[in-house]
2 protein chains.
Amino acid sequence: MERYNDYSFLLDRTARRVKQYAQYQFNCQQFGITVDQWAILKGLKQYADLSQKELAEYCGKDQPTLTRIVDLLVSKKLVERQANPTDRRSFVVHLTPAGEQKIDALSDSINKIRMEAWKKLNEDDFEHLKRILDTIYTNLNIG
Amino acid sequence: MERYNDYSFLLDRTARRVKQYAQYQFNCQQFGITVDQWAILKGLKQYADLSQKELAEYCGKDQPTLTRIVDLLVSKKLVERQANPTDRRSFVVHLTPAGEQKIDALSDSINKIRMEAWKKLNEDDFEHLKRILDTIYTNLNIG
DNA sequence: TTCGTATATTTGTCACACTAATTATTATTG
DNA sequence: CAATAATAATTAGTGTGACAAATATACGAA
């Protein structure tokens with residue numbers, strides 16, 4: 001069934017538009033961060049004070065990418081790197097008060113932006129999508 | 001239903017893995033091109049001799065990205081830019097014989113790579129996925 | 001203890017996405 | 001016909017993704 005090949009085009013195209021739409025709204029509303037930086041802030045909020053390796057894993061980024069995103073968040077004073085007392089190789093990434101505040105200030109607006117994509121779709125659609133994407137994801141495990 | 005927000009994480013994660021897996025196989029099998037370069041070659045094969053603007057549209061790329069991919073394909077001698085006789089602002093992108101040959105040589109292997117993702121999924125799943133992704137895509141039309 | 005290996009992070013390089021600005025050409029309008 | 005607007009392609013700048021290599025530290029085995 002060669003036409004199934006189209007899934008890769010559809011996936012790539014849709015993922016890019018989702019990100020582009022969100023970033024466009026972030027810019028219009030002057031959130032001052034990127035979509036990927038937001039994902040890291042949310043991860044920190046949810047799991048709190050992780051090492052970069054753990055944070056990368058939970059957020060689905062690789063470590064070099066996470067390093068660079070954390071660099072940007074540090075320069076915006078939204079997070080800080082703290083020494084890890086039990087392992088001097090690693091850092092603990094910690095939300096600053098400004099970071100906490102940013103999350104509180106943006107959460108509602110960002111939920112609204114995200115939900116724009118879900119118009120005309122329902123619970124069953126979500127379950128389908130989640131199952132199919134997870135299947136693809138595990139089918140392609142390289143390791 | 002705030003949990004629907006996860007669709008963006010799932011989409012991004014899956015699209016990246018699909019691309020990463022394909023690129024990994026491209027590298028192992030020494031195809032000598034990237035996944036995105038392949039998408040442009042296939043677009044040219046299908047539609048033949050388009051301007052860069054048209055090619056970008058059909059392939060779902062923006063114009064600056066397409067310019068750079070075409071640059072790389074030109075340097076690999078797989079395509080060439082030809083003057084457009086009716087509009088001196090634009091080029092016609094044309095597959096070279098080497099480009100045609102590359103497509104013929106790789107098509108079967110790439111179909112096989114693509115189908116790895118589809119294990120344990122069926123026709124209905126494809127229809128679901130296509131409908132849901134297309135709905136999201138059109139929901140987020142910025143223009 | 002010490003040597004070798006594993007791990008956390010960083011850095012470098014190439015490719016791609018998006019935006020804005022530039023250049024050359026074409027189309028329009030006054 | 002000249003001035004202006006629109007368009008195709010490019011370039012520049014920033015952010016992200018993947019991979020490999022480098023660095024510093026931790027851990028395990030001899």
Side-chain angles (χ1 to χ4, degrees), chain A residues 12-28 31-40 50-57 59-76 81-93 140 142-143, chain B residues 8 11-28 31-40 50-57 59-76 81-93 140 142-143:
Chain A
D12 189 60
R13 180 177 84 153
T14 309
R16 270 190 292 116
R17 174 158 290 190
V18 164
K19 189 166 177 176
Q20 186 209 5
Y21 175 80
Q23 189 62 57
Y24 173 79
Q25 295 295 335
F26 277 37
N27 294 343
C28 288
F31 290 173
I33 57 175
T34 67
V35 171
D36 295 279
Q37 289 161 23
W38 173 252
I40 304 306
L50 298 174
S51 74
Q52 295 190 184
K53 180 185 169 60
E54 294 165 327
L55 191 52
E57 192 148 336
C59 298
K61 307 279 183 192
D62 61 20
Q63 284 193 52
T65 298
L66 189 86
T67 290
R68 290 173 177 120
I69 294 177
V70 170
D71 285 346
L72 292 169
L73 290 173
V74 167
S75 73
K76 291 174 182 175
R81 289 185 169 97
Q82 296 176 341
N84 182 345
T86 69
D87 187 341
R88 287 194 300 172
R89 287 172 305 183
S90 73
F91 295 108
V92 171
V93 184
L140 300 184
I142 291 182
Chain B
S8 56
L11 256 179
D12 187 61
R13 179 176 86 153
T14 309
R16 271 190 291 115
R17 174 157 292 189
V18 164
K19 189 166 174 176
Q20 186 206 5
Y21 176 80
Q23 189 63 57
Y24 174 79
Q25 295 295 336
F26 276 37
N27 294 343
C28 287
F31 290 173
I33 57 175
T34 67
V35 172
D36 296 280
Q37 289 161 24
W38 174 253
I40 304 306
L50 298 174
S51 74
Q52 294 190 187
K53 179 183 171 60
E54 294 165 328
L55 190 54
E57 190 148 335
C59 298
K61 306 282 181 191
D62 57 47
Q63 283 195 49
T65 297
L66 190 86
T67 290
R68 286 174 181 116
I69 294 178
V70 170
D71 284 346
L72 292 168
L73 290 174
V74 167
S75 74
K76 290 173 181 176
R81 289 186 170 97
Q82 295 176 342
N84 182 344
T86 69
D87 186 340
R88 287 195 300 172
R89 288 172 304 185
S90 73
F91 295 108
V92 170
V93 185
L140 300 184
I142 291 183

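Everything numeric here is computed off the predicted structure, so don't read it as measured data. Letters A, B, ... are given to chains in the order of the sequence lines, protein chains preceding strands, and every chain is numbered from 1.
- Distance, B:Trp38 CH2 to C:dC16 P: 15 Å, rounded to whole Å.
- Residue contacts for A:Asp36: at a heavy-atom cut-off of 4.0 Å it reaches the sugar-phosphate backbone alone, with no base atom in range.
- Smallest separation of non-hydrogen atoms from B:Lys76 and B:Ile33: NZ-CA, 3.8 Å.
- Atoms NZ and CG, on A:Lys53 and A:Leu66 in that order, are 11.5 Å from each other to the nearest 0.5 Å.
- Within 6.0 Å of the CD atom in A:Glu57, the count of heavy atoms belonging to other residues, nucleotides or ligands does not exceed 12.
- The distance between atom CD1 of A:Ile69 and atom P of D:dT14, rounded to the nearest whole Å, is 17 Å.
- Listed in residue order, the members of residues 16-26 of chain B having a heavy atom less than 4.0 Å from DNA chain D are B:Arg16, B:Gln20.
- In this structure, A:Thr34 reaches the D:dT16 phosphate: one of its side-chain N or O atoms is under 4.0 Å from OP1 or OP2.
- Side-chain proximity of B:Asp62 to D:dT25, D:dG17, C:dA17: nearest is C:dA17.
- One distance of note links CZ of A:Arg16 with OG1 of B:Thr65; it measures 8.0 Å at 0.5 Å rounding.
- Under the ring-ring contact (aromatic ring centres under 6.0 Å, His included) criterion, B:Phe31 pairs with B:Phe26, sequence neighbours left out.
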### Nucleic acid footprint by protein, nucleotides 3-11 of chain C - heavy-atom cut-off 4.0 Å, B for base, S for sugar-phosphate alone
---BBSBBB
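- Note that OG1 of A:Thr34 and NZ of A:Lys19 are 7.5 Å apart. Values are rounded to the nearest 0.5 Å.
- In this structure, A:Leu66 reaches neither bases nor backbone, as no heavy-atom distance under 4.0 Å exists between it and the strands shown.
- Going from atom CZ of A:Arg88 over to atom P of D:dA24 covers 12 Å, rounded to whole Å.
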Donor-acceptor pairs under 3.5 angstrom involving side-chain atoms of residues 68-75 of chain B: please list them, not counting sequence neighbours.
| from | atom 1 | to | atom 2 | distance (Å) |
| --- | --- | --- | --- | --- |
| B:Asp71 | OD1 | B:Arg81 | NH1 | 3.1 |
| B:Asp71 | OD1 | B:Arg81 | NH2 | 2.9 |
| B:Ser75 | OG | B:Leu72 | O | 2.7 |

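- We find that CD of B:Gln37 is positioned 11 Å from P of C:dA17, with the value rounded to whole Å.
- The CZ atom of A:Phe31 sits 18 Å away from the P atom of D:dG15 (whole-angstrom rounding).
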Output one line per pair: protein atom, nucleotide atom from nucleotides 1-4 of chain D, and distance, for all N/O pairs under 3.5 Å.
none

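- In this structure, B:Arg13 atom CZ and D:dA18 atom C1' are separated by 17 Å, rounded to whole Å.
- Note that CG of A:Asp12 is 10.5 Å distant from CG of B:Leu11, once rounded to the nearest 0.5 Å.
- Across A:Gln52 and A:Thr67, no two heavy atoms sit closer than the pair NE2-OG1, 3.4 Å.
- Going from atom CG of A:Leu55 over to atom CD1 of A:Ile40 covers 5.0 Å, rounded to the nearest 0.5 Å.
- Distance SG/B:Cys28 to CD/B:Gln23: 10.0 Å, rounded to 0.5 Å.
- The interatomic distance linking B:Gln82 (CD) with D:dA9 (C1') rounds to 17 Å, in whole Å.
- Two residues, B:Gly60 and B:Thr86, neighbour DNA chain C, and the one matched to the more 5' nucleotide by heavy-atom proximity is B:Gly60.
- Taking the side chain to side chain donor-acceptor pair (under 3.5 Å) definition, one finds that B:Glu54 meets it with B:Ser51, sequence neighbours left out.
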